[in-house]
Amino acid sequence: MKLVVTEKNDAAEKIARLLSSSAPKKDKVFSTPVYRFEHQGEEWVTIGLRGHILEPNFTEQLTYTKKAGWSGVDASGNHLSVTLPKTLPVPPFNTRRKPFMPDGIDLKTWKMDALPYLVYAPIEKLPKEKDIIRSLKNLAKKCSSVIIATDFDREGELIGADALSCIYDVAPNVPVQRARYSSFTKAEIEESFSHLVELDNNLAAAGASRQDIDLIWGAVLTRYLTLVKFAGYGNVRSSGRVQTPTLALIVAKERERMAFVPEDYWVIQGEFGEENSTDAFSSTHATARFKQLEAAQAAMQALEGATHGRVACVTRKKRTVAPPAPFNTTSLMAAASAEGISPARCMRLAESLYMDGYISYPRVDNTVYPSTLNLKDTVRAIAKNPAYTPFCEQLLKQPKLSATRGKQQTTDHPPIYPTALATPEMIDAPRYKLYNLIARRFLATLSSPAVIEGTKVDLTVNDQSFVAKGDVLRVPGFREIYPFGLKRDEQLPALHEGDTVVFRGATCTHKQTEPPARYSQGRLIQEMEKLGLGTKSTRHSIIERLYNVKYIVNDPIEPCSLGIAVCDALDKYAPHITHPEMTSQLEEEMNSIATGASTKQNVVSDSRSLLADQLEALLPHVEEVKEALADAVAAYAYVGKCPKCGKDLQIRASQKTRSMFIGCAGWPDCDVTYPLPSGKIEAVDELCPACGMPQVKVTAFRTKPRIMCIDPACASNKEPDVVVGECPVCKEQGKHAKLIAQRNPRTLKRFIRCENYDDCQTGYPLPQYGAITATDEVCEHCGAPLVIVTTTRGPWKLCPNFSCPSKETEEASIKKRTSSSRKSARSQASKTGKAGKVTATKASKTAKTTTAKAGKVAKTTSRKK
DNA sequence: GCAAGGTC
């Protein structure tokens, strides 16, 4: 059996169809779809990955001992040697074998003095798509040879190389070849599979160095910015190779606007024709902008008393407007942005339309339809939409359709076009809005140009000249079907040279020159493309990220004070990250790896020392940067007024434990505090409807945000204690005691406790959210009372006992993909000694970034299966 | 829950 590995499921299916003489058989290996068929008398199977299946991350621990220096341990327990430059100071936390960097995600472990070591921390590749890796390995064991058929680009080569490393884990000697194709046509696919080549390891290494550099710079600078002024969980201040230069673009534009000095000017507007008649029109003075008030006043004076003007000259000019080019990702996002759909939303809608078969693949650079695309069939397919029917019929009357061509031409995917009929009745409104844009754009690209007639009329009133301009669409052409971004017609009455027209007077308006416009999201995407920042698939998410971390607001985009402060601080001490040149430089270095002129090790190591320099500049200025961020951070921390002293109540983080609470700005004179639950806390404007106190928005890890009153004593926060059963421990001793579900008003933690807790110590934790109702049942494994938790996702039954044997069986944990199992996974993972008991689901949920132990357990458990 | 890059 021959195994073909592609980058995505879609490609696996297409290749199977193109290589097979009959229809390929769709099958599943575990939960991954695969396609089986016969090719030249041999059995073949194709499997689609989901992009990258491995992900680089820092190894779990880096420890320091006086004897051995720095050392790391990888996920398999292997020793990793770490070479640190001698100039670095020995850490002040020089305790014996104390890990300083166990988990990348947990903010508790982030430490400022660990950052220099993070720069040089070892990186390894961890599994990201566990299910797919399992399926891939399963097939690899059975196959006689492998063909890597991922996309024909740098990331594709890397994805292929990662897949191969998984395959070699189980089939070290299997022969491997690479298929290179750039379009899904029968001829090209057959050609590429009959002329297989070798995998380009240099190209893959170039991609891998991009991954490492992005991770190292991102992690170090993000942690620096977050720690400089710690403002609680959920308040991460991120930085990265693409997002920071993008932020810098926005900030630079704002600076330009702030530095702009507006200039005064005056505009004279004359009114002509009989009032309220169809002949009425207005016209501006031939001196469009009077720089001096005196000149404008003189012109107004010269017009005084005039009742008529004379048409001095009428010129008409026709201009043709060519139909637009086919959509690629960037132009689609720009057009959607102009229609009020943000790029990120546009891509989500497009992905959904694509998955349901309404449009073609949405991530393309190409703007030229391939010759294999049957334009007429596509028109016929969407002609049934009544809004398009007349126009489509016109198009179909033509013997042959010809389409416009854009500047970018690639052959991997066609430009974005509609692949099936949709009407407002068939899909929901937001999706239809985007579909309509895409379908109309497609029809526009097949249409004739529009012809617009521009009319310019010169008028004289006394000795003053006026100019009136009008545009009339003479031949609608593509404009008939594609009205987006269209200026309204400004029709002028029929005027001829020498005509006399009524002059109804003029007004003089004082105006000021406008500063340069802010970026709209669509414009920013185009600017990023121009500078080579991000890719077509990532730009929208980068902008969304800047919104999420509250660096920017609104559209057109304005930077917030926090965004400006972050940008300025980095620009001052770590300018490398704020400039788009970091990307172009990286691009050059990656090319040199691809050609063999350099190696991944050299490039990453150079990048590390560059980052070390920038960090060295940043670290001594912690106080300065803290000061710069303080105002911006305080603005987000304000929740309301203190009921005792009237000063500001602020969301604060405890210096020692980093846990969150609300404190009064008047501290230490005022001691008012309120507890907060764990999670991301944001201030909201609305006061509590029950008691009038301020409220906060709480987003606990992996839950929906909810609004709560800050006062634990408020009726809205009161929950009655619920009797959930009888204490099993007391019962054994012949006593009878109730188990009660309750919430600690100080910590807001919720738990079940025996009313005799002081004696018997029986207690179980509960999830923080959701109503608790009692059941008559007890857990068959441990005897704890079962409770029903009702959250927004509906009710589910829970055994609250963490150490219940039922939680250690795989079936139970796979079934329970609920917050309870996640919660227990977290708490178990934190009890590192018990990490061996973490079950498969928990491990797969957390192992992406969590401890190596969890990753290891996931491996062993999946093997058992 | 750190980056950016694939894809779902």
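Numbers restart at 1 for each chain; the letters A, B, ... are given by sequence-line order, proteins then strands.
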(message) Under a 3.5 Å cutoff, is there a donor and acceptor pairing between the side chains of Asp10(A) and Tyr354(A)?
(response) yes

When rounded to whole Å, the CZ to P distance for the pair Arg154(A) and dG6(B) reads 9 Å

Taking for Ser537(A) and for Leu215(A) the nucleotide of DNA chain B with the nearest heavy atom, the one nearer the 5' end belongs to Leu215(A)

Is it the case that the side chains of His52(A) and Glu129(A) hold a donor-acceptor pair, with the cut-off being a distance below 3.5 Å and no angle test? no

> Between Trp217(A) and His576(A), what is the ring plane arrangement, given parallel below 30°, perpendicular above 60°, and tilted in between?
Replying inline: tilted

Between CE of Met582(A) and C1' of dA4(B) the distance, given in whole Å, is 11 Å

* Is the number of heavy atoms from other residues, nucleotides or ligands under 6.0 Å of Gln585(A) CD greater than 12? -> yes

query = Does a side-chain N or O from Ser238(A) land closer than 4.0 Å to OP1 or OP2 of dA3(B), or not?
reply = yes

Please classify the nucleic acid contact of Arg241(A) as base, sugar-phosphate, or nothing, using heavy-atom distances under 4.0 Å.
sugar-phosphate

Picking from dT7(B), dA3(B), dG6(B), the nucleotide nearest the side-chain atoms of Lys8(A) would be dT7(B)

Worksheet item: Can you tell me if Ser182(A) and Thr411(A) form a side-chain donor-acceptor pair at under 3.5 Å?
Response: yes

**Message:** Is there a side-chain contact between Gln243(A) and the phosphate of dA3(B), meaning an N or O under 4.0 Å from OP1 or OP2?
**Reply:** yes

Asp151(A) atom CG is separated from dG5(B) atom P, nearest whole Å, by 15 Å

Ranking dC8(B), dA3(B), dT7(B) by distance to the side chain of Arg545(A), first place goes to dA3(B)

Quick note, Arg50(A) side chain, CB onward, closest among dG6(B), dA4(B), dC8(B) is dC8(B)

Here the distance between atom P of dG6(B) and atom NZ of Lys128(A), to the nearest Å, is 12 Å

Whole-Å distance, Ile132(A) CD1 to dC8(B) P, equals 9 Å

Looking only at the side chains, is there a donor atom on one of Ser352(A) and Arg431(A) sitting less than 3.5 Å from an acceptor on the other? yes

Between Arg237(A) and Leu533(A), the residue closer to the 5' end of DNA chain B by nearest nucleotide is Arg237(A)

message = With hydrogens left out and only the distance checked, is there a donor-acceptor pair under 3.5 Å joining Glu55(A)'s side chain and the base of dA4(B)?
response = yes

Check: Does a nitrogen or oxygen in the side chain of Thr538(A) sit under 4.0 Å from OP1 or OP2 of dA4(B)?
Finding: no

Residues in residues 348-363 of chain A with a heavy atom under 4.0 Å of DNA chain B, by number, are Glu351(A), Met355(A), Tyr361(A), Arg363(A)

Polar contact flag, side-chain donor to acceptor under 3.5 angstrom, Thr330(A)-Glu529(A):
yes

Between CG of Leu54(A) and C1' of dA4(B) the distance, given in whole Å, is 16 Å

Task: Sugar-phosphate, base or nothing in reach of Gly218(A), heavy atoms under 4.0 Å - done: sugar-phosphate

TODO: Using a heavy-atom cut-off of under 4.0 Å over every strand shown, decide if Gln211(A) touches base, sugar-phosphate, or nothing.
DONE: base

Base, sugar-phosphate, or nothing: which does Gly534(A) touch, judged by heavy atoms less than 4.0 Å apart?
sugar-phosphate

Looking at Arg210(A), I'd like to know whether one of its side-chain N or O atoms comes within less than 4.0 Å of OP1 or OP2 on dG6(B). no

Whole-Å distance, Lys125(A) NZ to dG5(B) P, equals 14 Å

- Side-chain H-bond candidate by donor/acceptor type, Gln408(A) with Asn366(A), under 3.5 Å: no

> Can a side chain N or O of Thr150(A) be found less than 4.0 Å away from OP1 or OP2 on dG6(B)?
Replying inline: no

task: Determine the contact category for Ile542(A): base if any of its heavy atoms lies under 4.0 Å from a base atom, sugar-phosphate if only primed atoms, P, OP1 or OP2 are that close, otherwise nothing.
output: sugar-phosphate

Which part of the nucleic acid, if any, lies within reach of Ser239(A) when heavy atoms closer than 4.0 Å are counted: base, sugar-phosphate only, or nothing? sugar-phosphate

Exercise. Check the side chains of Thr538(A) and Ser541(A) for a donor-acceptor pair under 3.5 angstrom, ignoring hydrogens and angles.
Key: no

Regarding the side chain of Glu155(A), the nearest nucleotide among dC8(B), dG5(B), dA3(B) is dG5(B)

Rounded to whole Å, the CD1-P distance (Ile53(A) to dT7(B)) equals 14 Å

